[in-house]
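Right, one structure below, let's go through it.
Counting starts at 1 for both ligands and their atoms, in listed order.
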Amino acid sequence: MENVVKNYNLIKQEIQKNTNVKLVAVTKTFPIKHILPIINIDHIHFGENKVQEAQEKWTSIKNDFPNIKLHLIGKLQTNKVKFAIPLFDYIHSLDSEKLASKIADEQIKKGFKPKIFIQINIGEEPQKGGIGVNQLEEFYKKCLDIYNLNIIGLMCIPPFDKDSTPFFEKMQNLSKNLNLNEISMGMSDDYLEAIKFSSTFIRIGSKIFGKRN
Ligand SMILES: *Cc1c(COP(=O)(O)O)cnc(C)c1O
């Protein structure tokens, strides 16, 4: 079995001088027994990409460890929003007005406002979700004025076959223009680069937990 604690500590050491960077440990596909070693050393931020898997895996653990913050990093279907709130403290994948509207309704019903990132289709890839760079300003305004969402920042997944650097740089500029402080970007292969461009939430899976099936 992968030495999860050792992998985790190496990353924590690498990023320790960047005190505003939070590490989201991405646990999708891994069973809780594989994750427990870092829950037991008080790691806080965990990421999942599917609502149902997260419900099954995290509902009782979150009760036992109330400091844990759960992050939804994958696509959120509108019919799953009612299960996602309040299970997830952070939603990284707001990618449409329809979803914004649904979250708006649900956060009133539940009396819980998740922290939200607007996902940007930074590589303008047709198969990928996210708001286009040209639509961002208008979309952001609607999220605040019409839907009363707690937007804390922007999120991206750069094209997987290209150097991430120019995309990270674009994200940094977009964030500055909107005066948003948080940026969710950087994965196992490019988190150090992401931090150079002001990422504040890096999302790391395989480098901690090993290869996924
Ligand atoms: C799976 C996933 C990650 C983590 O990927 P690794 O390469 O294993 O670190 C980060 N972000 C998102 C959106 C993911 O789906």
Atoms in ligand 1 flagged as close to R203, the criterion being non-hydrogen separation under 4.0 Å: 4 (C), 9 (O), 10 (C), 11 (N), 12 (C), 13 (C)
Decide whether an N or O pair under 3.5 Å exists between M155 and ligand 1. no
Can you name the atoms of ligand 1, numbered from 1 with element, that are less than 4.0 Å from a heavy atom of I204? 9 (O)
Could you tell me whether K196 and E193 have a side-chain N and a carboxylate O separated by less than 4.0 Å? yes
Atom 12 (C) of ligand 1: which protein heavy atom is closest, and how many Å away? I73 CD1, 3.5 Å
Quick one: nearest non-hydrogen protein atom to atom 9 (O) of ligand 1, plus distance? S188 OG, 2.5 Å
Go through T29 and N213 one step at a time and tell me if the side-chain contact (heavy atoms from CB on, under 4.5 Å) criterion holds. CA-CA 8 Å; T29 77; N213 295 326; over 6 Å; no
E53/K50 salt bridge by N-O under 4.0 Å criterion: no
Quick look: I157 vs ligand 1, heavy-atom contacts under 4.0 Å, and the answer is side chain
For ligand 1, which atoms, with element, lie under 4.0 Å from some heavy atom of G205? 4 (C), 6 (P), 8 (O), 9 (O)
Counting heavy atoms only, which part of H92 comes closer than 4.0 Å to ligand 1: side chain, backbone, both or neither? neither
The protein heavy atom nearest to atom 5 (O) of ligand 1 is M187 CE, 3.6 Å
Under 30°, 30 to 60°, or over 60°: which ring-plane class applies to H45 and H71, parallel, tilted or perpendicular? perpendicular
Using heavy atoms and a 4.0 Å limit, tell me yes or no: is K28 in contact with ligand 1? yes
Salt bridge (charged side-chain N to carboxylate O under 4.0 Å, His left out) with E48: which of K28, K62, K69, K57? K57
Residue pair F117, L180: steps toward the side-chain contact (heavy atoms from CB on, under 4.5 Å) verdict: CA-CA 10 Å; F117 293 88; L180 284 164; over 6 Å; no
State the NZ-CD distance between K12 and Q16, to the nearest 0.5 angstrom. 9.5 Å
